[in-house]
Amino acid sequence: LISKIGLIGCGTVGSGLLELLEKRADYIAGKYGVSFRLLFTTDAAKGTAFSKDGLNPRALLEILEKGGSIDASPKNTPNDLASLLEEAKPDIICEAAPTNYKTGEPGMGIITATLARGVNVVTCSKGALALDMAGLKGLAASKGVSLRFESSVMSGTPLISLVRGPMAGCEISKAEGILNGTTNFILTKMESGMDYSEALAEATRLGYAEADPTGDVEGFDAAVKVCILSAEFFGTPMRLEDVRRTGITGVTSEDIKRAAAGGGRIKLIAGVKKEGDSVTGYVSPETVGLDNPLASAPGATNAINITTDNLGVVTITGPGAGKMETAQGLLSDMLNVARGQL
Ligand code: HSE
């Protein structure tokens, strides 16, 4: 089965996906019978490459690693989304452009235009999903195509699929955990004596932090994920400004030592809970006891306790950020779409 794809955004995550497409092609074809053919890659800053026969991910990566433009033949290459979709007729668009939490752009425009043309979308665009998941899902449903976003929360750790699939039938009353890798990395490093700015610089270097890390450290990124979970788990849209939010910029080394002395750890806890008809969301640094599984998530690892009726509390933990980890979430969504799952 050949699945024709287009990649929008080839920064950290998009490059990670290119790496997986190259390195894992044989494994994917052997195990799943799927061959992804990359027809175009486009990036607001790095240009557009298009080939009806399929692009070579390695060749693109070599250009990107040198900081070059991927424009292969600028005169002939369609470079706006409508022409790319028209020329390439892809089966799936993988959207991995940087996300604006307030406007949802550029993801919102890209996802809407792609779904409207009846093309499946796989995305990690947190801003767009948080802003109007119901609208985007409705558009996808009206066109009979998929909108999948596993990597938007906990990167490739399969939270969304787990709740939709194996946990179907459970009613969730609360989901609370560590949903931002950057801040968890910083807090973990501060526990071993590194100072805040050094830890933030390392998180940025490792590809965990957003282009503007204010979104991470002030809790916006976790809050956006809370909005996504509210819409996905409860079908209740939540506005970013309605999430009670405190980031980690006020957490000092003394606070961390005090928590440790009391047998706990400070974690940036993000949650969404339903009481009666009311759904509330929150993000704030909390001291977590060592008996709580959330306390054992180090570095950029995320963890979430999902409280349900039929199973009690289910905890899932795994990578929460990172180039290859997020790319894996996109890849799993692409494979599910290629194999005919909505
Ligand atoms: N900046 C985000 C984080 C990336 O640190 O969790 C993954 O969504």
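Positions are given from 1, in the same order as the sequence printed here. Atoms within each ligand, like the ligands themselves, are counted from 1 in listed order.
For the residue pair Glu171 / Ser173, no side-chain donor-acceptor distance below 3.5 Å is found, with atom types taken as modelled. When only modelled atom types and interatomic distance are considered, Ser284 and Thr246 share no side-chain donor-acceptor pair under 3.5 Å.
Less than 4.0 angstrom separates some heavy atom of Glu210 from each of these atoms of ligand 1: 1 (N), 2 (C), 4 (C). If you number the atoms of ligand 1 from 1 as listed, the ones under 4.0 Å from a heavy atom of Ala321 come out as 3 (C), 4 (C), 5 (O), 6 (O), 7 (C). Each of the atoms 2 (C), 3 (C), 5 (O), 6 (O) of ligand 1 lies under 4.0 Å from some heavy atom of Asn180. Heavy-atom proximity to Lys225, at under 4.0 Å, picks out these atoms of ligand 1: 2 (C), 3 (C), 6 (O), 7 (C), 8 (O).
Residue Thr182 touches ligand 1 through backbone and side chain together, judged by heavy-atom distances below 4.0 Å. Residue contacts with ligand 1, taken as heavy atom pairs separated by less than 4.0 Å, do not involve Asn302 at all.
Between Arg164 and Glu232 there is a salt bridge, since a side-chain N of the basic residue sits under 4.0 Å from a carboxylate O of the acidic one. Using a 4.0 Å cut-off between a side-chain N of Lys or Arg and a carboxylate O of Asp or Glu, Lys174 and Glu275 do not qualify as a salt bridge.
Remark: ligand 1 and Asp216 share an N or O pair separated by less than 3.5 Å (distance only, no angle test).
Residues Val122 and Ile93 form no side-chain contact, since every pair of their non-hydrogen atoms from C-beta on lies 4.5 Å or further apart. At a threshold of 4.5 Å between non-hydrogen side-chain atoms, the residues Thr157 and Thr317 do not count as touching.
Heavy-atom separations between Met154 and ligand 1 are all 4.0 Å or longer.
For Lys102 and Phe220, the positive end sits near the middle of the six-membered ring, less than 6.0 Å away and at most 45° from its axis.
Between Gly320, Gly181, Ser155, it is Gly320 that holds the heavy atom closest to atom 7 (C) of ligand 1.
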